[in-house]
Enquirer: 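Just passing along the structure, written as structure tokens.
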Number of protein chains: 2
Amino acid sequence: MPKSPAPLYEQIRQLIVAALAAGEWRPGDALPSEAALAARFGASPGTVRRALDELAAEHLVDRRQGSGTFVSTHAAPREPFRFLRLVADDEARGFSRELLGCRRVRATAEVARTLGLRTAEPVIEVRRLLHRRDRPVVLDELWLPERQFEGLTTEVLEAHAGALYALFEARFGVHMVRAEEKLRAVAATPEAARLLGVEEGEPLLSVERLAFTYGDRPVELRRGLYHTASDHYRNDLN
Amino acid sequence: MPKSPAPLYEQIRQLIVAALAAGEWRPGDALPSEAALAARFGASPGTVRRALDELAAEHLVDRRQGSGTFVSTHAAPREPFRFLRLVADDEARGFSRELLGCRRVRATAEVARTLGLRTAEPVIEVRRLLHRRDRPVVLDELWLPERQFEGLTTEVLEAHAGALYALFEARFGVHMVRAEEKLRAVAATPEAARLLGVEEGEPLLSVERLAFTYGDRPVELRRGLYHTASDHYRNDLN
DNA sequence: CAGTGGTCTAGACCACCAT
DNA sequence: TGGTGGTCTAGACCACTGC
């Protein structure tokens with residue numbers, strides 16, 4: 001408990017996040033203007049501006065001079081793979097996707113704990129490959145609470161052309177805000193080796209990702225195996 | 001070339017960075033107050049404040065209410081390993097260091113190109129191990145332009161207790177501002193296996209880091225091999 | 001207590017976008 | 001041309017630090 005109340009711009013920021021979580025404005029929508037929000041929250045325009053600037057820094061909203069402030073969306077043409085840090089050594093871009101499977105399973109103890117579910121609660125498991133220049137480079141396996149992703153099937157996935165996170169927004173109203181990743185080097189299992197076209201035991205980069213929606217609620221656990229022969233995981237430190 | 005000149009707060013930000021690069025204020029020093037800087041640059045306090053806020057967001061300065069704005073330093077007690085993202089699975093903290101060697105060599109073509117030097121220009125090569133609970137977890141190899149690090153020897157390294165980057169600040173006036181890392185999974189070479197106490201061919205996380213000082217000038221190339229059995233590389237995405 | 005950064009307000013003017 | 005966000009200013013008041 002803080003001694004003094006949070007500053008007004010922070011309170012306003014939280015109110016806007018709550019409105020986003022409640023779906024008052026959907027990804028891609030315009031928010032009300034600064035002046036309108038100032039009137040709504042009874043604050044001066046400068047204070048609302050500060051709240052919006054913080055939200056823009058967290059990539060929750062997207063500010064465009066002359067046109068307005070918009071809810072961020074993974075469907076934006078600029079960043080179809082905003083959270084994927086794997087880049088080709090020669091800077092080549094883009095992947096093609098191959099769906100391996102989608103089924104309803106019971107959460108293992110670890111998946112349940114990580115996603116904040118009860119053990120054995122139903123989850124949807126998706127497996128897929130990403131190819132670069134027709135060579136497999138990523139084997140992804142991901143788990144989603146069925147409660148929030150009811151109706152996600154192989155057919156739905158096959159029918160959707162854009163990024164996975166864009167599908168989650170459009171069809172299930174779940175927008176991914178941020179993620180935490182844990183990286184390790186591991187040896188390829190026989191199955192991973194077969195799917196990625198490498199030798200068994202060959203080093204692969206293991207990437208475990210926990211993705212969060214508004215309000216820091218975890219909604220996706222993902223395990224990726226990256227073949228880093230002519231690609232690498234890029235990270236900027238500051 | 002931008003059509004319109006950069007905004008005033010950005011010009012002021014760049015002037016402050018230039019002053020930092022010139023050593024007008026050293027790491028740990030206090031900058032002049034907002035009001036004093038406003039007078040110096042002929043701008044209003046609000047504009048100077050914005051420039052300082054941006055510098056704080058980049059971790060170039062550290063703002064402390066009631067006492068002032070200070071030049072960031074790697075000697076700060078809070079973050080002795082600010083750029084090291086390797087954390088123990090059980091959240092244990094801290095490493096002990098073991099120096100393996102420090103010698104003057106000629107830059108390979110790749111090292112020279114990356115650091116912006118001429119081929120075969122002299123560089124200082126340092127090799128060391130980091131241990132967690134008396135077990136080796138990181139094998140580091142790094143190269144520094146001799147021009148900027150003249151006098152860096154085994155003795156100097158042995159005599160210094162704090163972080164490497166703190167030594168670079170205190171002794172050579174080089175402050176590391178940001179870095180870019182490229183990660184891959186690789187197989188342990190015989191030498192790496194021996195030093196890290198693992199089997200030859202075992203998967204290791206390879207981390208290649210290029211570190212920059214003020215003005216985006218590259219000054220250190222580092223290759224790390226991380227043993228990720230009970231540690232992992234942590235990354236936050238947003 | 002003096003000096004510092006942190007918050008909040010109010011308003012002027014500009015640059016950009018859509019129509 | 002009207003509405004949007006972006007810049008810049010000016011000043012009041014508060015919270016915190018260190019002497």
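Quick caveat: nothing in here was measured; it's all calculated off a predicted structure. These numbers come from the heavy atoms of this one structure, side chains and all, not from hydrogens, waters or symmetry mates. In what follows, chains carry the letters A, B, and so on, assigned in the order in which the sequence lines appear, proteins first and then strands, with residues in each chain numbered from 1.
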Enquirer: So do the side chains of B:L86 and B:H232 get within less than 4.5 Å of each other, counting heavy atoms only?
Expert: no
Enquirer: Donor-acceptor pairs are to be reported for all side-chain atoms of residues 210-217 of chain B against protein atoms at under 3.5 Å, with residues two or more places apart or in another chain.
Expert:
from: B:T213; atom 1: OG1; to: B:H175; atom 2: O; distance (Å): 2.7
from: B:D216; atom 1: OD1; to: B:R178; atom 2: NE; distance (Å): 2.8
from: B:D216; atom 1: OD1; to: B:R178; atom 2: NH2; distance (Å): 3.4

Enquirer: I'd like to know if A:E180 pairs up with B:R234 as an ion pair, taking the criterion as any Lys NZ or Arg NE/NH1/NH2 lying under 4.0 Å from an Asp or Glu carboxylate oxygen.
Expert: yes
Enquirer: Side-chain contact test, heavy atoms from C-beta onward, threshold under 4.5 Å: evaluate it for A:V207 versus A:R223 and give yes or no.
Expert: no
Enquirer: Which whole-number value in Å describes the distance from A:F41 CZ to C:dC8 P?
Expert: 14 Å
Enquirer: Show each protein N/O and nucleotides 4-7 of chain D N/O combination with a separation under 3.5 Å, one pair to a line.
Expert:
from: D:dT4; atom 1: O2; to: A:G66; atom 2: N; distance (Å): 3.3
from: D:dG5; atom 1: OP1; to: A:T69; atom 2: OG1; distance (Å): 3.3
from: D:dG5; atom 1: OP2; to: A:E34; atom 2: N; distance (Å): 3.1
from: D:dG6; atom 1: OP2; to: A:R49; atom 2: NH1; distance (Å): 3.4
from: D:dG6; atom 1: OP2; to: A:R49; atom 2: NH2; distance (Å): 3.1
from: D:dG6; atom 1: OP2; to: A:R63; atom 2: NH1; distance (Å): 3.4
from: D:dG6; atom 1: O4'; to: A:Q65; atom 2: NE2; distance (Å): 3.3
from: D:dT7; atom 1: OP1; to: B:Y9; atom 2: OH; distance (Å): 2.7
from: D:dT7; atom 1: OP2; to: B:R50; atom 2: NH1; distance (Å): 3.0
from: D:dT7; atom 1: OP2; to: B:R50; atom 2: NH2; distance (Å): 3.4

Enquirer: Only pairs at least two apart or in different chains count here, so list each salt bridge (Lys or Arg N to Asp or Glu O under 4.0 Å) that has a residue in residues 9-20 of chain B.
Expert: B:E10-B:R13, B:R13-B:E58
